[in-house]
K.L.:
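Got a structure here, written out as structure tokens. Questions coming.
What you see is a predicted model; the values in this text were computed from it and never measured.
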Amino acid sequence: MTTMAYDNVGSGAPVLLLHAGVADRRMWRPQVEVLARSHRVIAPDLAGFGETPMQPGTFSYADALTTLLDELGVSRVDVVGSSFGGRVALELADQSPDRVASLVLLNAAYPGLDTTPAVDAFGEEEERLLEKGDLDGAVELNVDTWLGPEADDVARDLVRTMQRRAFEVQLAADEWPDPPEPVRIHPELSALRMPAHVVLGGHDLDHFQHIARHLTATIPDAHLIELPWAGHLPSLERPSEVAALLSGLLSR
């Protein structure tokens with residue numbers, strides 16, 4: 001039985017929404033409201049985020065999602081992933097290609113490219129702040145880094161809340177005798193046969209822009225969508241516009 005917390009609303013063709021690593025399923029609320037008019041929308045909290053606990057030892061995000069889909073009676077699903085959720089979406093498509101009808105990847109993470117100085121500088125500063133116990137500073141660093149210029153105060157406050165929750169859960173689990181260890185899957189992009197829509201934010205960090213172009217060039221049936229106004233989290237920056245974008249892509 002799954003330990004994942006999730007929303008499961010609406011009816012119609014199922015769509016799975018996978019949140020970013022600074023967030024949880026709350027980031028999708030405006031899109032869920034719109035998509036549920038025509039789709040069955042499933043939005044889980046991945047392990048260590050929101051209301052889903054972590055478990056000791058080795059685990060797989062893709063396997064956990066397959067278990068969730070099995071329990072919900074969903075054999076095939078469109079998958080939308082933001083940032084880290086995009087990486088998990090690619091892992092699920094790689095491990096269970098028969099379960100994934102299509103992909104929508106919003107500034108997805110991907111382990112197959114070298115990082116850039118900008119991303120390295122962010123990681124080093126986050127690690128420095130966390131090592132000295134400055135959780136507030138680490139939260140603000142994430143808010144300032146990952147939200148683009150279109151984000152309002154409501155979006156920034158929500159990311160603060162979600163990121164702090166993720167830090168609290170994950171940092172505590174790191175101290176366990178047998179800390180959680182996610183299985184690292186490196187998707188074979190050229191073997192993916194489902195259509196993929198790859199979204200690139202014009203204000204996102206260069207590393208994620210490189211990833212978006214690489215995914216588009218390597219997944220056989222991939223199409224690039226550039227959002228010049230967007231930072232790393234467009235669904236929080238212009239919620240209504242991204243809801244309309246997803247509705248259009250998922251209705252094809």
K.L.:
For the pair S251 (side chain) and G248 (backbone), establish whether a donor and an acceptor sit closer than 3.5 Å, ignoring hydrogens and angles.
P.N.:
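Looks like yes, one N/O pair under 3.5 Å.
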
K.L.:
Can you sort out the partners of Y110 under ring-ring contact (aromatic ring centres under 6.0 Å, His included), two or more places apart, ordered by chain and number?
P.N.:
H214

K.L.:
Hey, what do you get for CG (L246) to CG (D78), rounding to the nearest 0.5 Å?
P.N.:
10.5 Å

K.L.:
In terms of hydrophobic clustering (I, L, V, M, F, W, Y; side-chain heavy atoms under 4.5 Å; direct or indirect links), are Y61 and V183 co-clustered?
P.N.:
no

K.L.:
Set out, in order, the CA-CA distance, both residues' side-chain angles and the distance that settles side-chain contact (heavy atoms from CB on, under 4.5 Å) for L72 and R40, then state yes or no.
P.N.:
CA-CA 11 Å; L72 293 176; R40 179 184 182 185; 3.6 Å; yes

K.L.:
Taking all atoms of both residues into account, what is the closest heavy-atom pair of P220 and S190, and its distance?
P.N.:
CG-O, 3.4 Å

K.L.:
Just wondering, are more than 12 heavy atoms of other shown residues or ligands nearer than 6.0 Å to CZ in R76?
P.N.:
yes

K.L.:
Is any side-chain heavy atom of D94 less than 4.5 Å from a side-chain heavy atom of E91?
P.N.:
no

K.L.:
For a side chain to side chain contact (heavy atoms under 4.5 Å, CB included) with H39, tell me which candidate from V32, V9, L250 qualifies.
P.N.:
L250

K.L.:
Give the cluster check for L68 versus I185: same hydrophobic cluster or not, with ILVMFWY residues linked at side-chain heavy-atom distances below 4.5 Å.
P.N.:
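No; tracing contacts between hydrophobic side chains, which count when under 4.5 Å, never links both residues.
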
K.L.:
Heavy atoms only: give me the nearest A93-M194 pair and the separation to one decimal.
P.N.:
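In terms of heavy atoms, the two residues are closest at CB-CE, 3.9 Å.
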
K.L.:
Is it true that atom CG of D114 has more than 12 heavy atoms of other residues, nucleotides or ligands lying nearer than 6.0 Å?
P.N.:
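12 or below, so no.
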
K.L.:
Group every Ile, Leu, Val, Met, Phe, Trp and Tyr by side-chain heavy-atom contacts under 4.5 Å, then state whether F49 and L135 land in the same group.
P.N.:
yes

K.L.:
Mind running side-chain contact (heavy atoms from CB on, under 4.5 Å) on L189 and L215 for me, showing each step along the way?
P.N.:
CA-CA 7 Å; L189 301 179; L215 296 177; 3.5 Å; yes

K.L.:
Using the test ring-ring contact (aromatic ring centres under 6.0 Å, His included), find all partners of Y6 that sit at least two apart in sequence or belong to another chain.
P.N.:
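Y6 satisfies ring-ring contact (aromatic ring centres under 6.0 Å, His included) with no residue once adjacent residues are dropped.
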
K.L.:
Say you draw a straight line from OG of S82 to CG of N107; how long is it, rounded to the nearest 0.5 Å?
P.N.:
7.0 Å

K.L.:
Please confirm whether the backbone N or O of G48 pairs with a side-chain atom of T52, one donor and one acceptor, at under 3.5 Å?
P.N.:
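Here the side-chain-to-backbone pair does not exist.
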
K.L.:
Against L236, only a single residue in L147, D152, V242 fulfils side chain to side chain contact (heavy atoms under 4.5 Å, CB included); can you say which?
P.N.:
L147

K.L.:
May I have all residue pairs that pass ring pair (Phe, Tyr, Trp, His ring centres under 6.0 Å) and include part of residues 131-184, sequence neighbours excluded?
P.N.:
F122-W146, W146-F208, W146-H232

K.L.:
Run the salt-bridge test on R156 and D144 with the 4.0 Å N-O cut-off and return the result as yes or no.
P.N.:
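D144 and R156: salt-bridged.
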
K.L.:
Quick check on D174: does its CG atom have over 12 non-hydrogen neighbours (other residues, nucleotides or ligands) under 6.0 Å away?
P.N.:
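Yes, CG of D174 has more than 12 neighbouring heavy atoms, counting only those of other groups under 6.0 Å.
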
K.L.:
Once side chain to side chain donor-acceptor pair (under 3.5 Å) is applied, do any residues pair with S11, and if so which ones, sequence neighbours excluded?
P.N.:
none

K.L.:
Please determine if E51 and R165 form a salt bridge, counting it only when a charged side-chain N lies under 4.0 Å from a carboxylate O.
P.N.:
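Answer for the salt bridge query: no.
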
K.L.:
Using salt bridge (Lys or Arg N to Asp or Glu O under 4.0 Å) as the criterion, list what pairs up with D45, not counting sequence neighbours.
P.N.:
R25

K.L.:
Under 3.5 Å, is there a donor-acceptor pair between the E237 and S235 side chains?
P.N.:
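No donor-acceptor contact under 3.5 Å links the two side chains.
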
K.L.:
Got a sec, which pairs hit salt bridge (charged side-chain N to carboxylate O under 4.0 Å, His left out) with one end in residues 196-220, sequence neighbours left out?
P.N.:
R213-E226

K.L.:
What is the distance from atom CG of L18 to atom CG of L46, rounded to the nearest 0.5 Å?
P.N.:
6.0 Å

K.L.:
Only counting residues at least two apart or in another chain, list the ones meeting side chain to side chain donor-acceptor pair (under 3.5 Å) with T66.
P.N.:
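Counting only residues at least two positions away or on another chain, T66 forms no side chain to side chain donor-acceptor pair (under 3.5 Å).
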
K.L.:
Under the criterion side-chain contact (heavy atoms from CB on, under 4.5 Å), I'd like the reasoning laid out for D7 against V41: C-alpha separation, chi angles, the key distance, then a yes or no.
P.N.:
CA-CA 7 Å; D7 296 324; V41 184; over 6 Å; no

K.L.:
For W28, give me all partners under ring-ring contact (aromatic ring centres under 6.0 Å, His included), at least two apart in sequence or on another chain.
P.N.:
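In terms of ring-ring contact (aromatic ring centres under 6.0 Å, His included), with neighbours along the sequence ignored, W28 is linked to no residue.
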
K.L.:
Less than 4.5 Å apart, side chain to side chain, heavy atoms only: is that true for P239 and Q31?
P.N.:
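Answer yes - side chains close enough.
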
K.L.:
Grab the two heavy atoms, one from G86 and one from L105, that are nearest each other, plus how far apart they are.
P.N.:
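For G86 versus L105, the nearest heavy atoms are O-CD2, 3.8 Å.
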
K.L.:
Same cluster or not: are V34 and M27 linked, directly or through other Ile, Leu, Val, Met, Phe, Trp or Tyr residues, by side-chain heavy atoms under 4.5 angstrom apart?
P.N.:
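Result: no, two separate clusters.
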
K.L.:
Only counting residues at least two apart or in another chain, list the ones meeting side-chain contact (heavy atoms from CB on, under 4.5 Å) with R128.
P.N.:
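Checked R128 against side-chain contact (heavy atoms from CB on, under 4.5 Å); matches are E125, K132.
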
K.L.:
Quick one: list whatever passes side chain to side chain donor-acceptor pair (under 3.5 Å) with W229, sequence neighbours left out.
P.N.:
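So W229 forms a side chain to side chain donor-acceptor pair (under 3.5 Å) with E241.
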
K.L.:
Any idea which heavy atoms bring P14 and V74 closest together, and the distance?
P.N.:
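Between these two residues, the closest heavy atoms are CG-CG1, 3.8 Å.
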
K.L.:
When rounded to the nearest 0.5 angstrom, what is the spacing between CG in L35 and CD1 in I42?
P.N.:
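Reported value, rounded in 0.5 Å steps: 12.0 Å.
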
K.L.:
Of the non-hydrogen atoms in P30 and A243, which two are nearest, and what is the gap between them?
P.N.:
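Where P30 meets A243 most closely, the heavy atoms are O-CB, 4.4 Å.
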
K.L.:
With the side chain counted from C-beta on, respond yes when L227 and V199 share a heavy-atom pair under 4.5 Å apart, and no when they do not.
P.N.:
yes

K.L.:
Testing the basics here: between A109 and L90, what is the closest heavy-atom pair and its distance to 0.1 Å?
P.N.:
O-CD1, 4.2 Å

K.L.:
What's the separation between atom CD in E188 and atom CD in Q95, rounded to the nearest 0.5 Å?
P.N.:
12.0 Å

K.L.:
Side-chain contact, heavy-atom cut-off 4.5 Å: Q55 with P53?
P.N.:
yes

K.L.:
Before you tell me yes or no, could you show the steps for V22 and L233 under side-chain contact (heavy atoms from CB on, under 4.5 Å), namely the whole-Å CA-CA distance, both residues' side-chain angles and the distance that decides it to 0.1 Å?
P.N.:
CA-CA 10 Å; V22 298; L233 299 169; 3.8 Å; yes

K.L.:
Does R99 come within less than 4.0 Å of D70, counting only side-chain N to carboxylate O?
P.N.:
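Yes, this pair counts.
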
K.L.:
Please report the interatomic distance CG(L249) to CG(L103), rounded to the nearest 0.5 Å.
P.N.:
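Taking CG in L249 and CG in L103, the distance rounds to 12.0 Å.
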
K.L.:
E126: what forms a side chain to side chain donor-acceptor pair (under 3.5 Å) with it, not counting sequence neighbours?
P.N.:
N142

K.L.:
Which residues satisfy the ring-ring contact (aromatic ring centres under 6.0 Å, His included) test with H197, sequence neighbours excluded?
P.N.:
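Listed in chain order: H223.
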
K.L.:
Would you say the side chain of V100 lies within less than 4.5 Å of the side chain of L92, judging by non-hydrogen atoms?
P.N.:
yes

